[in-house]
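In what follows, a structure is listed as structure tokens, so that the remarks can point back to it.
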Amino acid sequence: MAVHVINEARRCLQCKKPLCQLKGCPIKTNVPEMIRLFLDGKTQEAGKMLFENNPLSIVCSLVCDHENQCEGNCIQGKRKEGAAIQIPNIEHYISDSYFDRAIIERKPDTGKKVAIIGSGPAGITIAVKLAACGHRITIFERMDKIGGMMRYGIPAFRLPRKIIDRYQAKLREMGIHFRPNTAIGGTIHLDDLFKDGYDAVFIGTGVWRPRSTGCKGESLGNVHYAIDYLRNPEAYELGDNVAIIGAGNSAIDVARTVVRMGSPNVTLYARRQRIAASQRELDYAAVDGIDIQQGMAIKEFTEQGPVLTPRIYDEEGNLIREEEPVLMPADSTIIAISQGPKDRIVSTTHDLQVTDSGLLVVDEDGRTTREGVFSGGDVVAGAKNVVLAVTYSQRVAKAIDEYLMSK
């Protein structure tokens, strides 16, 4: 691993205008500087730089859409018969080496208390940044462990659970308190947090409500939702033949997990000709033996399998016609067409404005329509990815700190 990473690092051109950073990375990771420090034997210094810029650098090095971000913009890859530098492998080696030894400095205690609801990418980022500012942080998590969608929505073969466990240990080192198995909006309401002396609240609850197809048969016993399945695949007995409705990276995650759980015949049905999943994920699906059929729209779910309508498109992607629906035999069907937010918090508090789709309304710095309450991540932007949640949360953390220190 080390020799491979070093050889990759040596291929870096140290571009004066590094597109991998300026164009490819949503959080603007300084890739040339990272590589320069690494090759100079300053791996810990490089790791510190990465962590300060992106507290979830280890995670992003594994799950980001690298082919359309840093790697996709590498000049080496744009050359004839060239190959992009494997930047995420270098980033992961450095971040992984640094993380457990990292000592995160905290400013003097401000006495300000912040409640963070949800421990996904947004919540962890906010916790790290605000704890470093000297504020007292408590994370409320409705599940038994931290990680949110990273733990319960990304398969372990893509993001090992031990990495998320290491984050929990590191946050405890920083003096951050945890309330596991605690859903705000149940026994404890948002108003209770302010009554108990919290000066600000951050909502980073993610999007956990499966989107319905609106088709007949969705409540049948052999029909399941992707987000529920990924949370605990061991609880399901799907049979040999499994159909998956959807075409994004989440659908691919489900399909590859189903194969690993022992179902030999897995077919993914995409409504359009265009597949939303990245090419890299499609390549992995292919080597895992997953069949993908495009232009197949769900019409009905049955105990024998989904009924789908074949759709014919022209070369520009315009729908020409629909053919007669056809039954696709399957023992089980999994719906993977995105998620929306749950409304537990909104329905038990006041002055929190939401969009028609249930997402929280915020300004550019994450302020909600209720004073002292901030939000970010998927519950604001919809189902996105880790690096985008971290990028926005950095800005929100700064706004929360300014709010606390102005009180």
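Basis for what follows: all heavy atoms, side chains included, without hydrogens, waters or symmetry-related copies.
What you find for His189 and Ile184 is that their closest heavy atoms are C-CG2, 4.0 Å.
In this model, no donor atom of one side chain and acceptor atom of the other lie less than 3.5 Å apart for Asn30 and Glu33. Under the 3.5 Å distance criterion, with hydrogens and angles disregarded, a donor-acceptor pair is assigned to the side chains of Ser57 and Glu91. Judged by distance alone, the side chains of Glu218 and Ser212 do bring a donor and an acceptor atom under 3.5 Å apart. Judged purely by distance below 3.5 Å, without hydrogens or angles, the side chains of Asn265 and Asp240 never pair a donor atom with an acceptor atom. Donor-acceptor pairing under 3.5 Å is recorded for the side chains of Glu141 and Ser119.
Interatomic distance, Lys129 NZ to Asp401 CG, rounded to the nearest 0.5 Å: 11.5 Å. Summarising the geometry, atom OH belonging to Tyr229 is positioned 8.0 Å from atom CD belonging to Glu234; distances are rounded to the nearest 0.5 Å. The distance from the CD atom of Glu237 to the CG atom of Asp331 is 11.5 Å, given to the nearest 0.5 Å. From Gln394, atom CD reaches atom CG of Asn54 across 6.5 Å, with rounding to the nearest 0.5 Å. Atom CD1 of Ile137 and atom CG of Leu130 lie 4.5 Å apart (nearest 0.5 Å). Atom CG of Leu308 sits about 6.0 Å away from atom CE of Met328, to the nearest 0.5 Å.
Counting only heavy atoms from C-beta outward, the side chains of Tyr403 and Arg367 never approach each other to under 4.5 Å. At least one side-chain heavy atom of Ile104 sits less than 4.5 Å from a side-chain heavy atom of Phe51. Residues Leu359 and Val380 fail the side-chain proximity criterion, which asks for heavy atoms closer than 4.5 Å.
For the side-chain contact (heavy atoms from CB on, under 4.5 Å) with Val59, the qualifying choice from Ile164, Ile124, Val386 is Val386, the only one to do so. When each of Asn385, Leu56, Ile154 is checked for a side-chain contact (heavy atoms from CB on, under 4.5 Å) with Val63, only Ile154 meets the rule.
Among residue pairs with one or both ends in residues 171-183, those qualifying as salt bridge (charged side-chain N to carboxylate O under 4.0 Å, His left out) are Lys170-Glu173; sequence neighbours excluded. For residues 149-165, every residue pair satisfying the side-chain hydrogen bond (donor to acceptor under 3.5 Å, both in side chains) rule, not counting sequence neighbours, is listed here: Asp144-Tyr152, Arg151-Asp165, Arg158-Asp253.
Around CD of Glu322, the count of heavy atoms belonging to other residues, nucleotides or ligands within 6.0 Å exceeds 12.
Between the side chain of Tyr392 and the backbone N or O of Gly366, at least one donor-acceptor pair lies under 3.5 Å. A distance-only check finds no donor-acceptor pair linking the side chain of Ser393 to the backbone of Ile126 [under 3.5 Å]. Checking side-chain atoms of Thr369 against main-chain N and O of Asp351 turns up a donor-acceptor pair under 3.5 Å.
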